[in-house]
Amino acid sequence: MEPSTKPHAKTRPERYGRVAQLIHWATAVLVLTAFVYGPGGPEVRVYASSRDFDRHLHETLGAAVLALAVFRVLWRLVDRRPEPAPVARWMGRAAKAVQGSLYALLFAVPVTAIAGAWLEGHPLSWLGGIEIAPPFGPSHGAGATLAWLHGWLGDAILWTAGLHALAALYHQFVLRDRVLASMLPGLNSRR
């Protein structure tokens, strides 16, 4: 067969693959759960012994989000994705902006938490008693600023993900282009 006549040589799948779907939904669950269990508030409250479980769970989930974000980027390099839905130019640009923002936030939220904790002089504390001591000396003011930024970015990722979810629902129920179905496990994306 000639290269141009090979089946599926240049066609894109109708749906995201199972791995991409798993990464997408696992990320959503981890981010939401980390947000719910985030101790929040001033440093004294965050590092109070009565908040240890919540903080350890939050930090464990945050580390999982960061690891999954790295894997997600690497997976995108080799994965075949569906063709974007035909939409107005502004919608396509908005979709790319939201997607880019979500990717940036998936890295920025945990990185600011890690750097902020270490600069405030606190180890990362995960479930199971695992601790990672700060690899550098404290700079409490910089750490507090990063901790504040982490809280703000944590709110931003939820608002951005909410906008992403609303857009997916708009695609599904108003445009009826099955964009949402292409990311839902077990649903056929055909009309």
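Residues satisfying the side chain to side chain donor-acceptor pair (under 3.5 Å) test with Trp75, not counting sequence neighbours, are Asp79. Trp148 meets the side chain to side chain contact (heavy atoms under 4.5 Å, CB included) test with no other residue; sequence neighbours excluded. Glu43 is linked by a side chain to side chain donor-acceptor pair (under 3.5 Å) to His122, His140, counting only residues two or more places apart in sequence or in another chain. Applying the side chain to side chain contact (heavy atoms under 4.5 Å, CB included) test to Ala48 and every residue at least two apart in sequence or in another chain returns Ser50, Arg51. With sequence neighbours excluded, the residues satisfying side chain to side chain contact (heavy atoms under 4.5 Å, CB included) with Ser125 are Arg55, His56, Glu59, Pro123, Glu131. Looking at residues two or more places apart in sequence or on another chain, you find a side chain to side chain contact (heavy atoms under 4.5 Å, CB included) between Leu158 and Val31, Leu32, Phe35. The side chain to side chain donor-acceptor pair (under 3.5 Å) test applied to Asp155 returns no partner, not counting sequence neighbours. With sequence neighbours left out, the side chain to side chain donor-acceptor pair (under 3.5 Å) criterion links His24 to no other residue.
Under the 4.5 Å side-chain heavy-atom criterion for Ile, Leu, Val, Met, Phe, Trp and Tyr, Leu66 and Leu127 are members of the same hydrophobic cluster. Cluster annotation: Leu169 and Trp159 are assigned to distinct hydrophobic clusters (Ile/Leu/Val/Met/Phe/Trp/Tyr, side-chain heavy-atom contacts under 4.5 Å, transitive). Leu102 and Leu74 end up in the same hydrophobic cluster when Ile, Leu, Val, Met, Phe, Trp and Tyr side chains are linked at under 4.5 Å. In the hydrophobic cluster analysis, where Ile, Leu, Val, Met, Phe, Trp and Tyr join through side-chain heavy atoms closer than 4.5 angstrom, Leu22 is grouped apart from Leu68. Residues Leu124 and Tyr47 fall into different hydrophobic clusters, defined by Ile, Leu, Val, Met, Phe, Trp and Tyr side chains chained together at heavy-atom separations under 4.5 Å.
Residue pairs meeting the side-chain hydrogen bond (donor to acceptor under 3.5 Å, both in side chains) criterion with at least one member in residues 27-39, sequence neighbours excluded, are Thr27-Arg72. Under the salt bridge (charged side-chain N to carboxylate O under 4.0 Å, His left out) criterion, the residue pairs touching residues 82-101 are Arg12-Glu83, with sequence neighbours excluded.
Within the 4.5 Å cutoff, the side chain of Met91 has heavy atoms near those of the Leu175 side chain. Between Leu180 and His171, the closest side-chain pair of non-hydrogen atoms is not below 4.5 Å. Annotation: side chain of Ile157 is not in contact with side chain of Leu153 (no heavy-atom distance under 4.5 Å). Using a 4.5 Å heavy-atom threshold, the side chains of Val19 and Phe71 count as touching.
Cluster note: Val29 groups with no other residue, as no ILVMFWY side-chain heavy atom lies under 4.5 Å from it.
Looking only at distances, a side-chain donor or acceptor of Arg15 sits under 3.5 Å from a matching main-chain atom of Leu184. Side-chain N or O atoms of Arg80 include one that pairs as donor or acceptor with a backbone N or O of Thr11 at under 3.5 Å.
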Using residues 106-121 as the side-chain source, report each donor-acceptor pair under 3.5 Å to any protein atom, sequence neighbours left out, with the distance given to one decimal.
| unit_1 | atom_1 | unit_2 | atom_2 | d |
| --- | --- | --- | --- | --- |
| Thr112 | OG1 | Ala108 | O | 2.8 |
| Thr112 | OG1 | Val109 | O | 2.9 |
| Trp118 | NE1 | Ile132 | O | 3.1 |

Starting from the C-alpha separation in whole Å, work towards a yes-or-no answer on side-chain contact (heavy atoms from CB on, under 4.5 Å) for His164 and Gln99. CA-CA 8 Å; His164 175 67; Gln99 185 179 47; over 6 Å; no
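Going from atom OH of Tyr170 over to atom CG of Asp177 covers 9.5 Å, rounded to the nearest 0.5 Å.
The two atoms that bring Ala85 and Val179 nearest to each other are CB-CG2, 3.5 Å, heavy atoms only. The heavy-atom pair separating Arg178 from Gln172 by the smallest distance is NH1-NE2, 3.2 Å.
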